[in-house]
Amino acid sequence: MSITYLEAIREALARALAEDPRVFIYGQDVGRFGGAFKATKNLIEQFPGRVIDAPISEDAIIGLAVGAAIEGLRPVIEIQFADFSLLGLNQIVNQAATLFWRTGTPCPITIRLPSGGTIGSGPFHSQCLEAIYAHFPGLIVMTPATVEDAYTMLLDAIKIDDPVIFIEHKLLYYHLKADHIHDEGLPVGKARIAREGRDLTIVTYSAMVHESIAAAEELASEGYEIEIVDLRTVKPIDTDTVIASVARTGRLLCVSEAWPWGGVGAEVIARVVSEGFGLLDAPPLRLNAKDTPIPFHPNLWSMHRPTARTIADAARKVLRF
Amino acid sequence: MPEVPIVMPQLGESIAEAIIVSFLVKPGDFVTADQPIIEVETNKATMQVTAPCSGKIVEFKAKENESYPVGAILGTILVSEEEATKLGLTTKHPQPIGTAGKPGAIPHKSIEEKPRVQPTVTGLPVPANLAGASYMSPRMKARLNELGLRAADLAGIQGTGAGGRVTIQDLERFLAQIEKHKTTPASPLRIAVADAMRRSWTRPIAMVAMPVQLDKMLEHRKNFPEKPGPALYVVRALALALAEDSTPAGRLIGNKIVHPQSIDIAVAVEVSDGVMVPVIRNADKKPLRDLIGPYRELVSLARGKKLPPEMTGGSIATVTNYGVFGLTFGTPIPLPEQTLVLGLGAAQKVPHWDESLGQFIPITQAYLTLSFDHRVLDGGGAGRLLGRVAYLLNHPELL
């Protein structure tokens, strides 16, 4: 048996719907159409009345979800592209994120954001918004990189009482496969050592984990052993695992497909420098997408985002310091 | 079809030339872009020159075991028009190497004709702009503190980091290696001397020397039953010279010269596993004869390592009589809190041309050396101070 990242998400949704009657799915075209990426395909037949098509208003969708959560339900929202979630930003950051802190009433909503670039998807269908959402207290931001994590972390997201931004990478949907999925994964907020090494720590998450592994394999042929930390959850961030890894390697590179300014990599570096200054044998470096809107043209896009080649180049800079 | 030159690449920041070790392909061979084609050796490492583009090797103009500067044309590659255009390489025929004179000279036109795409080199460390042999990372500093080591302890490590920086891996390898050697603990005195010398050596220390005739002094000491040693004469002479002008013994702190408050002169005394420096306070205030007793007591206390704290420290200069070891000349390092150390070499009988007698006469002569912090004092000032000391030693009645 083989299962894709997208199928794992669908399996998790089906299981959550089956196990918890409070769970329902809400979003544009999630019903009969099966979702923009077919993540909810056939679920409307399996769970009639609990997979509901929404009007074209992200503001209204999330507002409804917050209300439903207050009434004791556990809505799972699909936003067609992460970019569009900004139309519901007020409901997410002002309402959902603050609700428990204002009223003591939890807000157990899960907002699924298909994120990241694919060939030709351009500035409005490619963005990685995890850093923006991680900025606001009250939100949990998950960024699964593997099929197994996509499954167990989505189940975790639906189970926990906080509002969760669930960042799915579109590039992984159809191509990333696993032999099987597990019932349970690592605890929420715990990072994973995706590859062990002793020369350099690469801290990354989501699709960049796979680019980083490819870079690490290239660097292995040059005699470098790269350790890769998959953050899994960017908020809360697992500083302990990162610091422990830097203690082993002395060198740090943060890789993210999001923009550099105020990003997850900046946060990781700030924490390592503050809490682990004496562990660093080289200046920490981050590698992000270029600080411009995301280009449509495939050639420009391939230059815009970090790739195994540019990650290996950045890693060499740190390794050769 | 255009020919593209194979150029000796920039192999590192400080590398100007490289020796051809061997050719990895032959003329007539087809090569692909970035394929290693020539093995070269620099003073740092053996590296490979790679093909600038895909094509057929026309010829190698360079020869094995010859050195060529960066930018020299080593050979040419024949490429298709499409390949050259695609890569943005110049399609102009390169200047043949022979026209530039002897092999190895930079061909005259090589700069203008340098292809826009530079040949790449594999296995080349990229020097970081801020790194140097003295750069220490936060982790290195933390690890040295943890182990109680100092920067000077790293002197023997060949760094593998950018610009020769010692990396944490270099340090750990070094530590693992010294584990295999026999080690003995250094005494507290040895460590104290090491610390003082290390701190002092952060300054630019210079040294001057002057021969001094000792016959009158040696005659003079016979007046005393205790026969005071030459070191005490030098102490007294230096004290008088500095009492006349204490500026040479001043210390430079920031943009201020800090002048000595009293003429307290230290004497270096060898003890087991180190050196002690007892101090003669106000050595300018008492005549030589009154210093003999206190001096002997100080030296004896020092040798027994029984110096009370008030008898050491706070001095403005040190006198060291390394002549007792048979040394005629030395370059002592002043204590870190001092600007001056005056050394006295072993006395020797030497012929001296006496103008009035018109013949050589035997005299007893030794070298006086003065090591000083060049930030405070220059050669002229140091020379005048030594000259004054030498004059006083030649006129022991003034002491």
Side-chain angles (χ1 to χ4, degrees), chain A residues 196-201 203 215 217-227 239 242-254 268-287 299 302-303 308-321, chain B residues 10-15 33-34 36 44-48 50 86 88 118 120-149 151 154 157-176:
Chain A
E196 288 182 6
R198 58 168 163 75
D199 295 324
L200 165 73
T201 297
V203 175
E217 273 156 18
E218 186 183 328
L219 290 163
S221 69
E222 295 167 27
Y224 295 116
E225 290 176 26
I226 311 298
E227 180 145 307
T239 313
V242 172
I243 298 248
S245 177
V246 175
R248 285 189 284 276
T249 63
R251 290 163 201 255
L252 173 65
L253 171 66
C254 294
V268 169
I269 288 175
R271 285 167 187 245
V272 170
V273 170
S274 297
E275 296 169 37
F277 189 62
L279 301 174
L280 288 166
D281 194 41
L285 194 68
R286 69 195 150 135
L287 181 68
N299 291 359
S302 69
M303 296 291 288
R309 191 178 57 79
T310 58
I311 294 168
D313 283 346
R316 283 187 199 100
K317 268 188 203 164
V318 185
L319 285 162
R320 287 171 183 173
F321 178 80
Chain B
Q10 184 69 48
L11 298 155
E13 225 167 38
S14 60
I15 292 166
D34 297 335
K44 298 217 167 128
T46 301
M47 301 182 201
Q48 290 168 342
T50 58
K86 194 172 78 189
Q118 285 281 311
T120 52
V121 172
T122 52
L124 174 70
V126 180
N129 53 1
L130 67 110
S134 61
Y135 177 82
M136 274 214 276
S137 72
R139 185 164 184 148
M140 282 292 287
K141 287 180 186 163
R143 185 75 174 124
L144 293 185
N145 282 342
E146 188 182 18
L147 298 168
L149 299 181
L154 307 184
I157 307 179
Q158 182 98 47
T160 62
R165 167 181 97 87
V166 176
T167 67
I168 192 75
Q169 287 91 345
D170 294 333
L171 174 66
E172 299 297 348
R173 267 196 298 273
F174 174 73
L175 294 172

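Per chain, numbering begins at 1; letters A, B, ... match sequence-line order. Note that these values count all heavy atoms, side chains included, but never hydrogens, waters or copies made by symmetry.
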Peer 1: Under 4.5 Å heavy-atom distance to chain B, tell me which part of R251(A) shows up: side chain, backbone, both or neither.
Peer 2: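 Interface part for R251(A): side chain.
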Peer 1: R143(B) side chain to G278(A) main-chain N or O, any donor-acceptor pair under 3.5 Å?
Peer 2: no
Peer 1: Would you say R309(A) has more than 12 foreign heavy atoms packed within less than 6.0 Å of its CZ?
Peer 2: no
Peer 1: What part of V246(A) lies closer than 4.5 angstrom to a heavy atom of chain B: side chain, backbone, both or neither?
Peer 2: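 Interface part for V246(A): backbone (N, CA, C, O).
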Peer 1: Got D281(A) and Q169(B) here, is their nearest side-chain heavy-atom distance under 4.5 Å?
Peer 2: yes
Peer 1: Between D199(A), L319(A), L280(A), which residue shows the highest count of heavy-atom pairs closer than 4.5 Å to chain B?
Peer 2: L280(A)
Peer 1: Check this for me: E196(A), atom CD, are more than 12 non-hydrogen atoms of other residues, nucleotides or ligands nearer than 6.0 Å?
Peer 2: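 Incorrect, the count does not exceed 12.
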Peer 1: As an exercise, state the distance from CZ of R139(B) to CG of L279(A), rounded to the nearest 0.5 Å.
Peer 2: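 The CG atom of L279(A) is 5.5 Å from CZ of R139(B), to the nearest 0.5 Å.
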Peer 1: Step through the shown structure and confirm whether more than 12 heavy atoms of other residues, nucleotides or ligands are within 6.0 Å of CD on E146(B).
Peer 2: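 Check passes, neighbour count above 12.
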